[in-house]
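Single-structure report; data block below.
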Amino acid sequence: MTISKPSKKRAMSRKYKFHDSRMPHFISFAVVNWIDLFIRKDYVDIITESLSYCIEKKGLILNAWCIMTNHIHLIIRSKQNSLSDIIRDLKKFTSYQLYSAIQEHPQESRKQWLLWMFERAGKANENNKNVQVWQQHNHPIELDTNEKIDQRLEYLHMNPVKAGYVITPEDWVHSSARQYAGLENRLELELVV
C-alpha cells in the first residue's frame with residue numbers, strides 16, 4: 001500500500017484552521033482589496049463593540065488586538081465555543097454594521113466608492129449574497145509555545161510602528177499595547193506575559 005502526500009492545497013487548508021479553540025490563536029483578517037476603512041473612529045468602534053459583545057456573550061477570550069487602517073490582528077481563544085464560529089459570526093455581523101454605517105455616515109466622502117467596492121466584491125464571490133466587506137480567509141495560527149506567543153504579540157503591537165504611524169506601540173490607540181503598558185482598559189483582556 002502506498003501513502004501519497006497530501007496535495008499542497010489540502011495541506012495548506014489543514015494548516016490554516018482552528019484546531020483547539022482553548023489554545024491561543026493569532027489571526028488576521030483584512031478588508032477586501034485592502035481598503036483603508038478604519039480611518040474613521042465610528043468604524044473602529046463597530047469592531048471594538050463587537051469584540052466586547054463576543055467576549056461577554058460568546059466566550060471569546062481576547063489576549064491582544066490591533067486594528068490597523070485596513071486589517072485586524074487578534075490573539076484569541078475560547079473555553080466554551082468554537083473560535084471558527086465566533087469569528088464567522090463576528091465578520092458577518094460587522095460586515096452588515098460597517099456597510100450600514102457607511103451608508104448613513106453624513107461626512108463619508110468615499111461613500112459611493114466604498115459601497116460600490118463592497119457590492120462588487122460581494123457579486124464576485126459566490127459565498128456571499130450581495131456585499132463583501134472582509135476578505136474570506138483568517139489564517140489562524142495556533143500559538144502552542146511561549147516563544148510563538150511572544151513573537152506574535154510583538155508583531156501585533158509593532159505593526160503600527162513598522163507602518164510609520166506611531167513611534168511607540170502604546171501610541172496607537174486602536175491596540176492592546178496601551179493596555180499592556182497600563183495606560184487604559186478599553187477591552188476586557190487576559191494579558192499574556
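Every pair passing salt bridge (charged side-chain N to carboxylate O under 4.0 Å, His left out) that includes a residue from residues 55-75 is listed here, sequence neighbours excluded: K58-D89. Residue pairs meeting the salt bridge (charged side-chain N to carboxylate O under 4.0 Å, His left out) criterion with at least one partner in residues 156-172, sequence neighbours excluded, are absent. Residue pairs meeting the side-chain hydrogen bond (donor to acceptor under 3.5 Å, both in side chains) criterion with at least one member in residues 111-120, sequence neighbours excluded, are Y99-E119. Residue pairs meeting the salt bridge (charged side-chain N to carboxylate O under 4.0 Å, His left out) criterion with at least one partner in residues 24-35, sequence neighbours excluded, do not occur; the list is empty.
For the atom pair CD1 (I46) and CZ (F93), the distance works out to 8.5 Å, reported to the nearest 0.5 Å. In this structure, CD in Q97 is found 10.0 Å from CD1 in I47, a value given to the nearest 0.5 Å. Of the inter-residue distances, the one linking N146 atom CG with L153 atom CG reads 11.5 Å to the nearest 0.5 angstrom. To the nearest 0.5 Å, atom CD1 of residue I102 and atom CG of residue L115 are 6.0 Å apart. Note that the CD1 atom of I86 and the OG atom of S21 stand 7.0 Å from one another [nearest 0.5 Å].
A ring-centre distance under 6.0 Å is not found for F38 and H174.
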Problem - Full working for side-chain hydrogen bond (donor to acceptor under 3.5 Å, both in side chains) between H25 and N138 - result: CA-CA 11 Å; H25 284 74; N138 304 317; over 6 Å; no

Exercise for the section: List the steps and the verdict of side chain to side chain contact (heavy atoms under 4.5 Å, CB included) for L143 and N63. Expected result: CA-CA 12 Å; L143 306 178; N63 298 121; over 6 Å; no

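The number of heavy atoms from other shown groups lying within 6.0 Å of CD (Q103) is above 12. In the displayed structure, E188 atom CD is contacted under 6.0 Å by at most 12 heavy atoms of other residues, nucleotides or ligands.
Side-chain atoms of S175 and P169, non-hydrogen and from C-beta on, never get closer than 4.5 Å to each other. Two residues are said to be in side-chain contact when any heavy atoms from C-beta on lie closer than 4.5 Å; V173 and V44 fail this criterion. Residues P24 and I149 meet the side-chain proximity criterion, which asks for heavy atoms closer than 4.5 Å. Residues F118 and L98 fail the side-chain proximity criterion, which asks for heavy atoms closer than 4.5 Å. Looking only at side-chain heavy atoms (C-beta outward), L83 and P140 stay at 4.5 Å or farther from each other.
Minimum heavy-atom separation, L187 to L62: CD1-CD2, 3.8 Å. Taking all atoms of both residues into account, the shortest heavy-atom contact from H157 to Y180 is CE1-CD1, 3.5 Å. In terms of heavy atoms, R22 sits closest to K79 at CG-CA, 4.3 Å. When all heavy atoms are compared, the tightest approach of S176 to A64 is OG-CA, 3.4 Å. Between R77 and M23, the shortest heavy-atom contact is CB-O, 3.3 Å. Closest approach of A121 to Q132, counting heavy atoms only: O-OE1, 3.4 Å.
In this structure, D36 has no salt bridge (Lys or Arg N to Asp or Glu O under 4.0 Å) partners at least two apart in sequence or on a different chain. For the side chain to side chain donor-acceptor pair (under 3.5 Å) test, residues two or more places apart in sequence or in another chain that qualify with K41 are D45. Residues meeting the side chain to side chain contact (heavy atoms under 4.5 Å, CB included) test with S95, sequence neighbours left out: V133, W134. Listed by chain and residue number, nothing satisfies the side chain to side chain donor-acceptor pair (under 3.5 Å) test with W172 (two or more places apart in sequence, or in another chain). Partners of Q179 under the side chain to side chain donor-acceptor pair (under 3.5 Å) rule, at least two apart in sequence or in another chain, are W65, N185. K148 meets the salt bridge (Lys or Arg N to Asp or Glu O under 4.0 Å) test with D144; sequence neighbours excluded. Residues that satisfy the side chain to side chain contact (heavy atoms under 4.5 Å, CB included) test with H105, not counting sequence neighbours, are R40, D42, Y43, Q107, E108.
With hydrophobic clusters built from ILVMFWY side chains whose heavy atoms lie under 4.5 angstrom apart, Y155 shares a cluster with I75. A continuous path of ILVMFWY side-chain contacts below 4.5 Å connects M117 to V131, so both sit in one hydrophobic cluster. Hydrophobic clustering (ILVMFWY, side-chain heavy atoms < 4.5 Å, transitive): M158 and V166 are in one cluster. Hydrophobic clustering, with ILVMFWY side chains joined whenever heavy atoms are under 4.5 angstrom apart, keeps I61 apart from L156.
Here the options are L60, L51, I72, D85, the test is side chain to side chain contact (heavy atoms under 4.5 Å, CB included), and the partner is L90; only L51 passes.
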Just distance, no hydrogens or angles: give the donor-acceptor pairs under 3.5 Å from side chains in residues 26-35, sequence neighbours left out.
from, atom 1, to, atom 2, distance (Å)
S28, OG, H73, ND1, 2.6

